[in-house]
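Any value given below was found using the heavy atoms of this structure, including those in side chains, with hydrogens, waters and symmetry copies removed.
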Amino acid sequence: MTKIWHVPTLIALCLFHLQAICQADVAQRQPLDSIANATTKAAKSRAEEMGYDNVRVDIRPLDERLQLPLCAHPLSTFITGASPALGATNIGVRCLKPEAWTIYVRAHVTAQREVPVLSRALARNSIINTSDLEFTEQPLDAEQNGVIYDAGQLVGMELTRSLNAGSIIRTNQVKAPKVIKRGQQVTLIAGEGGLNVSMQGKALTDASAGERVKVKNINSGQQVEGIANTDGTVTVP
């Protein structure tokens with residue numbers, strides 16, 4: 001006996017099957033929030049590894065029409081070496097199985113970092129002391145090239161330009177102070193096998209600690225070259 005379907009029942013049955021097919025299809029797609037989460041984690045980890053705190057990652061919304069096959073394993077991420085840790089950056093998200101795919105997600109990363117700054121204004125050629133520095137949290141949305149984050153690298157250095165209170169300090173704004181000035185009388189130290197001989201000389205050039213300096217031996221008049229020491233003496237090889 002042939003079964004007769006009423007039109008409303010037939011339509012309802014078709015809609016039911018269509019819904020089931022759509023749900024099954026959706027279940028086989030990679031959730032967009034999983035891609036966004038993987039991107040956020042990768043960008044945040046990289047910034048934190050570089051010493052930044054309070055890292056925030058904003059992901060550019062993914063197109064809802066994006067349909068990627070569901071990955072059988074946790075998503076992997078990668079970042080090219082040229083991509084900055086802060087600011088606008090691209091994060092690669094990859095799936096290998098069962099169907100390989102790769103997508104690049106745009107992210108904007110901001111953070112904070114504790115930075116030593118000047119506690120008071122200092123003039124050019126000033127020597128930085130511990131009391132001249134204080135720490136502050138700086139909001140950052142781009143990598144700060146040349147900024148010195150270690151106060152230990154600043155103490156005892158000489159400013160190459162005047163800076164105001166609150167200024168962060170970069171590598172091109174400081175230099176090692178000269179421990180020897182041209183025309184200064186210095187002590188020459190030479191010797192081998194534990195036997196050292198001291199003599200007096202006259203510096204012919206300026207020098208910072210560790211730099212080579214030319215000196216004229218006052219007694220012999222001979223010109224020699226040695227290494228400037230922090231105490232202002234010169235070691236002659």
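- Listed by chain and number, the hydrophobic cluster partners of V147 are L32, I35, M50, Y52, V55, V57, I59, L62, L66, L68, L75, L86, V93, W101, I103, V105, V109, V115, V117, L140, Y149, I168, where partners are ILVMFWY side chains within reach of under 4.5 Å, directly or through others.
- Of the possible polar contacts, none joining the T205 side chain to the R182 backbone as a donor-acceptor pair under 3.5 Å is found.
- Q173 and I169 make their closest contact through OE1-CA, 3.5 Å (heavy atoms, listed as atom of the first residue, atom of the second, distance).
- Atom CZ of R113 sits about 13.0 Å away from atom CG of N54, to the nearest 0.5 Å.
- In summary, the side chains of S45 and E49 do not present any donor paired with an acceptor at a separation below 3.5 Å, with no hydrogens or angles considered.
- In this structure T235 satisfies the side-chain hydrogen bond (donor to acceptor under 3.5 Å, both in side chains) test together with N229, sequence neighbours excluded.
- Under the 4.5 Å side-chain heavy-atom criterion for Ile, Leu, Val, Met, Phe, Trp and Tyr, L163 and I148 are members of the same hydrophobic cluster.
- At a threshold of 4.0 Å, the pair R124-E158 does not count as salt-bridged, since none of the basic side-chain nitrogens sits closer than that to a carboxylate oxygen.
- A distance-only check finds a donor-acceptor pair linking the side chain of T89 to the backbone of P84 [under 3.5 Å].
- Sequence neighbours left out, the pairs with a member in residues 128-140 that pass side-chain hydrogen bond (donor to acceptor under 3.5 Å, both in side chains) are R120-D132.
- A distance-only check finds a donor-acceptor pair linking the side chain of S208 to the backbone of A176 [under 3.5 Å].
- A salt bridge is absent between E225 and K214; no separation between the charged side-chain nitrogens and carboxylate oxygens falls under 4.0 Å.
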